[in-house]
Amino acid sequence: MTSERRKPYPFDQIEPKWQKIWDERQSFHALNPGEKNFDSKKPKFYVLDMFPYPSGAGLHVGHPEGYTATDIIARYKRMRGFNVLHPMGWDAFGLPAEQYAIKTGQHPAITTRENVASFKAQLKRIGFSYDWQREINTTDPGYYKWTQWIFLKIYNSWFNPKTNKAEPISTFHGEDPDSVRLAYVADVAVNWCPELGTVLANEEVVDGKSEVGGFPVVRRPMRQWMLRITAYAERLINELDELDWPEGIKLLQQNWIGRSEGAEINFVVAGTGGPGYRIHVFTTRPDTLYGATYMVLAPEHSLVDRIVTEEQWPAVREYRERTARKSDLERSELSKEKTGVFTGAFAINPANEETIPIWIADYVLLGYGTGAIQAVPAHDERDLEFARKFDLPIREVVKPPGGEDPIGFVGDGVAINSPIIDGLQSREAIRKITSWLEERGLGKRAINYKLRDWLFSRQRYWGEPFPIAWENGKHRSLGENELPVVPPPLEDYKPTGTGEPPLAKAKDWVRYSDKATRELNVMPQWAGSCWYYLRFCDPQNKERFVGEEAERYWMGSSPVTRHSSLESTPGGVDLYVGGTEHAVLHLLYARFWHKVLFDLGYLSKPEPFQRLVNQGIILGEDSQKMSKSRGNIVNPDDVIGQYGADAFRCYEMFMGPLEQMKPWSMHGVEGVARFLARVWRLIMTEDQAGQWQLSAALKDAEPTKAQNKILHATIKKVTEDIESLSFNTAISQMMIFVNAFTNAETIPVSAMRTFLVLLNPFAPHISSELWEKLKSPGDITGQAWPSYDQKFLVEDEVEIVIQVNGKVRDRMMMSISASDEEVKAAVLANPKNAELIAGKTIRKLVVVPKKLVNIVVA
RNA sequence: GCCGAUGUGGCGAAAUGGCAGACGCAACGGACUUAAAAUCCGUUGGGCUUUAAACGGCCCGUGCCGGUUCGAGUCCGGCCAUCGGCACCA
């Protein structure tokens, strides 16, 4: 015999069998409204996974964690009578395929096709109930045609501040529509990564290095496409309120958007007076205006050139060049020590007409606020550090409430040395000085956001080309009838190294017409994932990015979930599960696109995802992050080969709470596999010849009272636990059920059938097979979810715990119907208790009905 | 530095303010077996104690310190540790 271990039950036969049946019957295909046999009486449920990038490395055990959770929900909801949309697809544009193409010359489309095929095979092997007829791929021209189409909608829109929403550009009546488009071109200092030969978004840069590959990143001005996501900052914050997302994720987005309320104040450059010589600063603390003893402009600020004095020019020029050369990494590394240079110019403080020096320093960022600040060293840590280093004056203008040292105090207190607002609390002082400034035209109330516009172009090959042509230095959109814009075939995918995109190499393709050339940049990987959940509703539609009726149905209101108190929820997808790594980027970008399309009237809801759940990371057996270098990666194929897909699924869920980070354990898989084998042997026994036969203990008998109790307790617990995504405890309860029936002389078939239905979402293969073996009617996936009967759960008697001063001393059985008074009397009559409380005074007697009595004595 | 999450046996974990450790793993003991695997049954937080042995009895125990309460893993205040996010955002 080889070392091949005998399988505890024949999962290696039944799992492929049922997967094939589901495929052939298309058991999980969801019909759209208007299709034949569509049942409009059923409520809808849209349960979505974050679709994967099909990498060459294949699936690891982290992917199927969330996928298993959603699959359980999908199967459960179907049994509860919902029309369930549960799709899967591929986020297949992106760097790895392109890098691979550079190395091997193989077209990314080929690698992508191969990787998708192996990912799909792996997912099918786990038995997920995806509707594969709805499979989509972001690199499919039939898909990215609509990604480009949405870009055109964004390009041809502007954000009308009066209506607070996006409108077609034709409704804009200003001089230059190009200045307000939601997609625009700007020369911006971008994160240029020489190694990758491309520009990266802020979010793709970690600690001054590229997130992919860890290469150094430097700042460099380039002409780039930007999306005006900042126009939506307010709505992106406010409309989080009614979403059922983890509070932590909402907070992450709020902080990312970073709303600050304050004032914009105008300073005039001394000795000039012209309107072109005003410095606008943003501050959250206008009440400290009297404490401003100098000003700082960002080194790149446009006013610097015009105000620097003759003798300061060399120093300023030298400083600017030095900061421009700094990479992000250097800027943050050197941030401990403040640097800066005096411009030689002075400004006038509008509050007291005082003349204060103007400096430049790289601790003031061009991209935030107005790129200029009033420096109040007494009440701002950074200004204080700077003032101390360069020996600038420090003036206290806020008195701390607790009598702390006012120097460096940044909290709220009472205004001092500030004639207009002296004696006022900070909050009140802010209000007063802001109106004072407003009345005199010296400033105004203002709100600022940390959020920047979205850098939307990449100098790469493997992405969606822009549907844009250039003529005489001006951009214009291509017609919708020209979509999709397909990237040209290339022999050489390598970056040009100059910052010019690889598409420049396709000379014929680039020439759009005699006069016009094509845009050479491609879109970032986020583009395809910004709207894929919409395409799933109607993936084959050739006329529209999503059919109106399909969108209204799947992205519309579903019966109110318990997580929301609202009549109608703002989000369309009922449950979205994925990793926290997308907490800000993908989820913010998708919300932004969704809102634009909603404003333009293409969608029925203002938010894409009503309920979001983040699955926790799965660590290796050594409790370390899984990684190639640690050699602790667990491959699902190995686990399934040894224990079966059902055991794999159940273990993924049994490990612990879904949201929690937890380590993998092969022993744990074994335990769950044993549980499934026990389920099998509850119904099947092996005869002399080694054949599986129906167990002799199976009878068409009524369950005993005890059996009914545990059966109904299991129905109750499993149902409630699935609803709350507490899959681990649902499985525990099913284990308790199986333990109770193991060794039972009589196993009622009816109880087993009910149990198999409960088990089905978790372990669909074994439950399907046993359902069939029991000659049960129909297919198990078409069964109705069982409900429990309270009458089986109630007992005649309950155990009452007796405590003395909070400590358990005894327990006794009491009738369920006993009144508090009867319980008290019985407890006091109990001889053992009498002994315990002998010689003491009873101070109090606490009775918790059906549970406990606490005798408080002294 | 700021924000957030987490902290319970040897391990993964469970517990509407009411018996801490369900369920699983590991370990140990037993049954079955020529033997092993598999399977089934049992023990298993720590300490003390009664007893010939067993049953039992008592005390301590949910990161640390304090509070509220008849009663706290759970609520409140303060700390510590680990992980994640942000980080010159004026």
Side-chain angles (χ1 to χ4, degrees), chain A residues 5-8 207 246-252 254-256 258-260 262 281-285 288 296 298 331-332 334-336 338 361-365 367-376 379-383 385-386 410 448-452 580-581 583-584 614 616-617 619 621 623 625 650-651 654-657 659-672 674-675 677-678 681 686 726 728-736 738-739 742-743 799-811 843-857:
Chain A
R5 207 143 40 103
R6 218 180 54 74
K7 307 272 190 286
D207 290 333
E247 283 308 312
I249 299 295
K250 289 191 186 180
L251 218 67
L252 233 48
Q254 275 163 20
N255 293 342
W256 188 266
R259 182 181 197 273
S260 310
V281 304
F282 174 73
T283 176
T284 55
R285 293 298 297 270
T288 63
V296 185
R331 269 203 177 185
S332 58
L334 299 172
S335 68
K336 284 160 205 136
K338 292 267 179 298
D362 68 359
Y363 83 91
V364 172
L365 310 171
Y368 182 77
T370 57
I373 62 157
Q374 54 157 349
V376 184
H379 306 294
D380 182 283
E381 281 173 46
R382 299 148 302 187
D383 297 345
E385 197 192 328
F386 192 83
V410 298
N448 248 292
Y449 299 93
K450 271 173 30 179
L451 184 70
R452 312 290 161 84
T580 343
E581 66 271 21
V584 278
N614 292 117
I617 295 170
L619 305 170
E621 299 226 40
S623 292
K625 244 192 186 130
C650 288
Y651 177 66
F654 186 64
M655 291 172 83
E659 291 95 332
Q660 197 170 301
M661 182 189 287
K662 45 213 178 276
W664 188 265
S665 157
M666 274 307 180
H667 283 303
V669 184
E670 226 166 296
V672 174
R674 270 203 282 270
F675 156 66
R678 284 160 74 111
R681 291 196 310 272
E686 211 169 5
S726 308
N728 54 331
T729 47
I731 293 171
S732 294
Q733 181 63 35
M734 290 191 280
M735 287 173 168
I736 292 169
V738 170
N739 291 347
T742 298
N743 295 335
E799 190 178 64
I800 303 284
V801 168
I802 299 164
Q803 296 184 335
V804 177
N805 287 344
K807 295 200 166 153
V808 181
R809 294 296 140 159
D810 200 10
R811 46 203 77 195
R843 284 275 157 80
K844 197 170 175 182
L845 207 55
V846 182
V847 179
V848 181
K850 294 173 208 175
K851 272 212 179 109
L852 164 147
V853 175
N854 190 8
I855 310 167
V856 185
V857 296

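Bear in mind the structure is a predicted one, so any value in this text is a computation, not a measurement. Letters A, B, ... are given to chains in the order of the sequence lines, protein chains preceding strands, and every chain is numbered from 1.
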From A:Glu670 CD over to A:Ser665 OG, what is the distance, rounded to the nearest 0.5 angstrom? 8.5 Å

For B:rA38 and A:Arg681 - does any side-chain N or O of the residue sit under 4.0 Å from the phosphate oxygens OP1/OP2? no

Under a 3.5 Å cutoff, is there a donor and acceptor pairing between the side chains of A:Asn448 and A:Arg259? no

Verdict with reasoning, A:Ile802 to A:Val808, per side-chain contact (heavy atoms from CB on, under 4.5 Å): CA-CA 6 Å; A:Ile802 299 164; A:Val808 181; over 6 Å; no

Can a side chain N or O of A:Asn728 be found less than 4.0 Å away from OP1 or OP2 on B:rC23? no

Do A:Lys450 side-chain and B:rC86 base share a donor-acceptor contact under 3.5 Å? no

Considering only atom C1', compute the distance from B:rA14 to B:rG21 and round it to an integer number of Å. 7 Å

I need the minimum non-hydrogen distance between A:Tyr651 and A:Pro663, along with the two atoms involved. OH-O, 3.9 Å

In whole angstrom, give me the gap between the C1' atoms of B:rA53 and B:rA37. 35 Å

Does the base of B:rA22 carry an N or O that pairs as donor and acceptor with the side chain of A:Ser732 under 3.5 Å? yes

May I ask you to evaluate whether A:Ser260 reaches the phosphate of B:rA90, defined as a side-chain N or O under 4.0 Å from OP1 or OP2? yes

Between the base of B:rU69 and the side chain of A:Lys844, is one N or O donor paired with an acceptor at under 3.5 angstrom? no

Quick one: the side chain of A:Gln803 and the base of B:rG18, do they pair up donor-acceptor inside 3.5 Å? yes

How would you label the contact of A:Val846 with the nucleic acid (heavy atoms, under 4.0 Å): base, sugar-phosphate, or nothing? base

Measuring only the P atom in each nucleotide, how far is B:rG12 from B:rC19? A whole number of Å is fine. 24 Å

Is the distance from OP1 or OP2 of B:rA13 to the nearest side-chain N or O of A:Gln660 less than 4.0 Å? yes

B:rU6 and B:rU74, which share atom name P, separated by this distance in whole Å: 14 Å

Can a side chain N or O of A:Arg674 be found less than 4.0 Å away from OP1 or OP2 on B:rA26? yes

Distance check, C1' atoms only: B:rC32 and B:rU39, in whole angstrom units. 9 Å

Minimum-distance nucleotide to A:Ile736 side chain [options: B:rC83, B:rC41, B:rA22]: B:rA22

With rounding to the nearest 0.5 Å, note down the distance linking NZ in A:Lys338 to CD in A:Glu385. 4.0 Å

Would you classify A:Ser665 as touching base, sugar-phosphate or nothing, given that sugar-phosphate means primed atoms plus P, OP1 and OP2, and contacts are heavy atoms under 4.0 Å? nothing

Any idea how A:Tyr363 and A:Phe386 line up, ring-wise: parallel (<30°), tilted (30 to 60°), or perpendicular (>60°)? tilted

Let's see if you can work this out: which of B:rA90, B:rA14, B:rG24 has an atom nearest to the side-chain heavy atoms of A:Val364? B:rA90

So, is A:Asn854 close to the B:rU69 phosphate, meaning a side-chain N or O under 4.0 Å from OP1 or OP2? no

Base, sugar-phosphate or nothing for A:Gly369? Non-hydrogen atoms, less than 4.0 Å. nothing

Is A:Arg809 close enough to B:rG57 that one of its side-chain N or O atoms is under 4.0 Å from OP1 or OP2 there? no

Using a cut-off of 4.0 Å on non-hydrogen atoms, how would the nucleic acid contact of A:Gln733 be classed: base, sugar-phosphate, or nothing? nothing

If the glycosidic angle sits within 90 degrees of zero it is syn, else anti. Tell me which applies to B:rG63. anti

Taking the P atom in each of B:rG9 and B:rG46, what is the distance between them to the nearest angstrom? 12 Å

Using atom P of each nucleotide, how far apart are B:rU82 and B:rA26 to the nearest Å? 32 Å

Picking from B:rC3, B:rC88, B:rG84, the nucleotide nearest the side-chain atoms of A:Asn255 would be B:rC3

Roughly how far apart, to the nearest Å, are B:rU50 and B:rG18 at atom P? 36 Å

